[in-house]
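All remarks here apply to the structure that follows.
Keep in mind that this is a model prediction, so the values were computed, not measured. Each chain gets a letter, A, B and so on, in the order its sequence line appears, and its residues count up from 1.
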Number of protein chains: 2
Amino acid sequence: MTMVEVAAEAGVSPATVSRVLSGSAHVSDTTRRQVYSAVSRLGYLRRGERPGDSRHPPIIAAVVCEPTTRMFNDPFFLRFISGAETYLAGRGVPLPLLSAASPVFASTEKHLLGGGSDGVLLVSVHGPHPLALTLAGTRLPIRAAGRPVEGVHMPFVDVDNRGGARAAVELLLKTRKKIALIAGPSDLPAARDRLTGYLDALAEAGRPPLVAAGDFTPRGGKNAMRLLLDQAPNLDAVFAASDPMAIGAMMALRQAGRRIPGDVAIIGFDDVTAAAFTDPPLTTVRQPVERLGALAAELLFEQVVSGGRPAEDQILDTELVIRSST
Amino acid sequence: MTMVEVAAEAGVSPATVSRVLSGSAHVSDTTRRQVYSAVSRLGYLRRGERPGDSRHPPIIAAVVCEPTTRMFNDPFFLRFISGAETYLAGRGVPLPLLSAASPVFASTEKHLLGGGSDGVLLVSVHGPHPLALTLAGTRLPIRAAGRPVEGVHMPFVDVDNRGGARAAVELLLKTRKKIALIAGPSDLPAARDRLTGYLDALAEAGRPPLVAAGDFTPRGGKNAMRLLLDQAPNLDAVFAASDPMAIGAMMALRQAGRRIPGDVAIIGFDDVTAAAFTDPPLTTVRQPVERLGALAAELLFEQVVSGGRPAEDQILDTELVIRSST
DNA sequence: CTGAAAGCGCTTACAG
DNA sequence: CTGAAAGCGCTTACAG
């Protein structure tokens with residue numbers, strides 16, 4: 001694929017294509033549009049802009065589909081990126097971090113499509129994000145952190161959210177009668193998997209489910225817990241699909257005069273730093289997020305340097321961390 | 001500067017230089033070392049790898065000289081980067097974020113020196129960071145966030161830490177007798193400037209200084225406050241060189257039975273989110289960090305596209321936010 | 001493993 | 001503003 005072909009497709013001379021793409025001289029609006037249209041139809045990139053083109057080592061970009069603000073406030077990103085960064089650093093590969101949130105979306109997309117990186121680690125695909133859809137239709141190697149939402153198809157790595165939730169609920173089933181769930185946002189695959197794990201365990205034990213909706217925040221967990229106590233005052237255990245929600249739920253339980261774990265046992269999910277410092281310390285499901293980041297980086301890196309097909313999706317096990325809230 | 005010159009310098013053929021730099025064929029160890037040595041002596045980059053070389057728009061990288069962990073936990077970075085990102089997004093320029101902390105230092109440096117970006121926004125130059133020194137000796141346009149430590153010379157933008165501190169202390173001088181300072185780490189230019197501003201104001205009013213050392217954390221502020229109360233039980237005002245230290249100091253004051261602002265008035269620095277929610281709400285010095293980020297991005301961008309000399313250093317004013325702790 | 005030479009892809013003075 | 005053609009910088013069969 002050369003400029004000559006693009007010129008033919010656009011019906012202009014190679015010189016004109018060169019001028020448009022390098023911005024070295026004025027070209028009329030009409031002609032410029034013809035050239036850009038031919039370029040995007042053919043997917044043409046200039047020599048030196050082609051991914052993997054004479055770039056040793058390659059560049060792998062981490063793209064976060066979240067406003068920068070949120071990205072900085074969620075420990076998942078930090079841990080995932082650290083893991084990936086550390087793996088890649090050992091191979092001399094830098095990991096530039098790019099946001100694909102609304103104000104910078106266009107420039108990030110153009111940068112990636114213009115050959116700015118040889119592979120993309122896609123973090124946090126909430127909903128069918130337009131960038132995820134664009135990249136999925138490209139030859140650029142890509143790996144998602146966490147199973148993408150339905151309708152978006154790309155290789156991913158994930159933790160076993162379903163199995164982790166199931167193990168947590170099975171622990172509660174050993175000593176408790178009525179076990180409620182505080183669920184996460186239903187548009188997040190991770191939240192849905194944790195719900196499924198809860199339902200799995202209850203179904204196998206022949207118990208009826210009892211679910212309230214949360215939003216992964218402490219406030220949401222607190223409200224959900226109040227609702228559950230109204231609905232089923234006799235409940236004696238709660239599984240919260242995230243630690244922040246568990247922390248909110250503990251506040252609601254305390255305000256309602258229930259002792260933890262005497263009256264109500266509670267388990268969270270994530271093992272955030274704060275989970276070890278709640279009163280009582282929170283039993284929770286730990287995700288190996290750094291290992292997940294390193295694994296994603298490894299699979300993507302192998303694909304980039306080999307130029308081959310992506311490896312299979314991989315799922316890492318979670319670990320139940322038993323503290324004093326159960 | 002072409003491959004022919006590099007070949008002459010290295011005493012090999014242009015073909016061999018090409019093979020080394022593209023990694024397209026095996027070259028003997030001796031020869032390869034000769035080539036690399038000539039390349040670095042001449043500062044040679046291949047066509048397409050040269051910064052600003054036919055890259056429309058250019059790439060500007062934000063480089064943070066901190067472990068990723070700390071970078072994610074300091075609101076200054078977030079606000080600075082958001083400001084820069086928003087400015088650049090309007091011009092179609094992406095802002096990849098790179099860490100220059102220890103595990104990834106080498107790969108980031110190589111990436112930048114190898115033409116990975118056309119300009120660098122250097123955030124948080126604590127001490128004479130090796131990357132800052134390397135980049136300062138390069139033709140790559142660069143702009144530091146905050147005045148660099150002594151011994152590192154590069155264009156920067158900063159807020160008027162000295163003037164902000166001075167204004168805060170002058171407010172206290174209107175109604176208070178004995179005003180103490182809880183200082184920040186003395187290796188940080190910002191902390192030193194705030195100390196200077198405090199000393200300026202006291203000297204002009206003919207009052208003796210009273211200083212305890214802190215480390216910008218709440219714990220450090222608390223310890224410093226206790227020390228100050230021991231040393232000078234009659235103090236009636238404190239200026240803390242950061243809000244987190246002010247928050248720690250407020251805890252110490254409360255534990256010592258002092259009312260705020262009745263017995264002791266207190267002012268912080270930064271206007272972090274929490275400052276509006278302390279009891280009583282904290283008077284503090286607000287830094288225009290987003291504007292600072294946008295300004296740094298603007299100055300750097302102009303330099304990159306013009307190819308000229310860097311613009312003058314710029315200092316933005318701070319703003320005293322008066323709440324109920326004074 | 002290396003060089004001389006042909007060639008490829010892109011850029012750019014030149015002409016209109 | 002655009003094309004034909006010369007030329008530049010790099011790469012790569014080919015020969016040894």
Picking from [options], which would you name as closest to the side chain of [X]?
X	options	result
B/Ala15	C/dT2, D/dT12, C/dT11	D/dT12
A/Tyr44	D/dT11, C/dC10, D/dA5	C/dC10
A/Arg19	C/dC10, C/dT2, D/dT2	D/dT2
B/Val12	C/dG3, D/dG3, D/dT11	C/dG3
B/Val27	C/dC10, C/dT2, D/dT2	C/dT2
B/Thr2	D/dA4, C/dT2, D/dG9	D/dG9
A/Ser13	D/dG3, C/dT2, C/dT11	D/dG3

Between [X] ([atom1]) and [N] ([atom2]), how many Å, whole number?
X	N	atom1	atom2	result
B/Gln34	C/dG3	CD	P	9 Å
A/Met1	C/dC10	CE	C1'	16 Å
A/Leu45	C/dC10	CG	P	10 Å
A/Met3	D/dC8	CE	P	18 Å
B/Leu21	D/dT12	CG	P	13 Å
A/His26	D/dT2	NE2	P	11 Å

Partner nucleotide of C/dG3 by Watson-Crick or wobble geometry (both distances under 3.5 Å):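 With both distances under 3.5 Å, C/dG3 matches D/dC14.
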Using a 3.5 Å distance criterion without hydrogens, assess whether the side chain of B/Ser18 forms a donor-acceptor pair with backbone atoms of B/Pro14.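 Flag not set: sc B/Ser18 to bb B/Pro14 has no pair under 3.5 Å.
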Do any N or O atoms from the side chain of A/Glu5 and from the backbone of A/Thr2 form a donor-acceptor pair under 3.5 angstrom?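 Yes: the side chain of A/Glu5 pairs with the backbone of A/Thr2.
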If we only count heavy atoms from C-beta on, is the B/Val159 to B/Pro288 side-chain gap below 4.5 Å?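 Contact flag for B/Val159/B/Pro288 side chains = yes.
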Base, sugar-phosphate alone, or nothing: which one does [X] contact when heavy atoms must sit under 4.0 Å apart?
X	answer
A/Val4	nothing
A/Thr16	sugar-phosphate
A/Ser28	sugar-phosphate

Cation over ring, B/Arg91 on B/Tyr87, under 6.0 Å and within 45°?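 Geometry flag: set, cation within 6.0 Å and 45°.
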State whether a side-chain donor-acceptor pair under 3.5 Å links B/Arg41 with B/Ser37.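 There is such a pair between these side chains.
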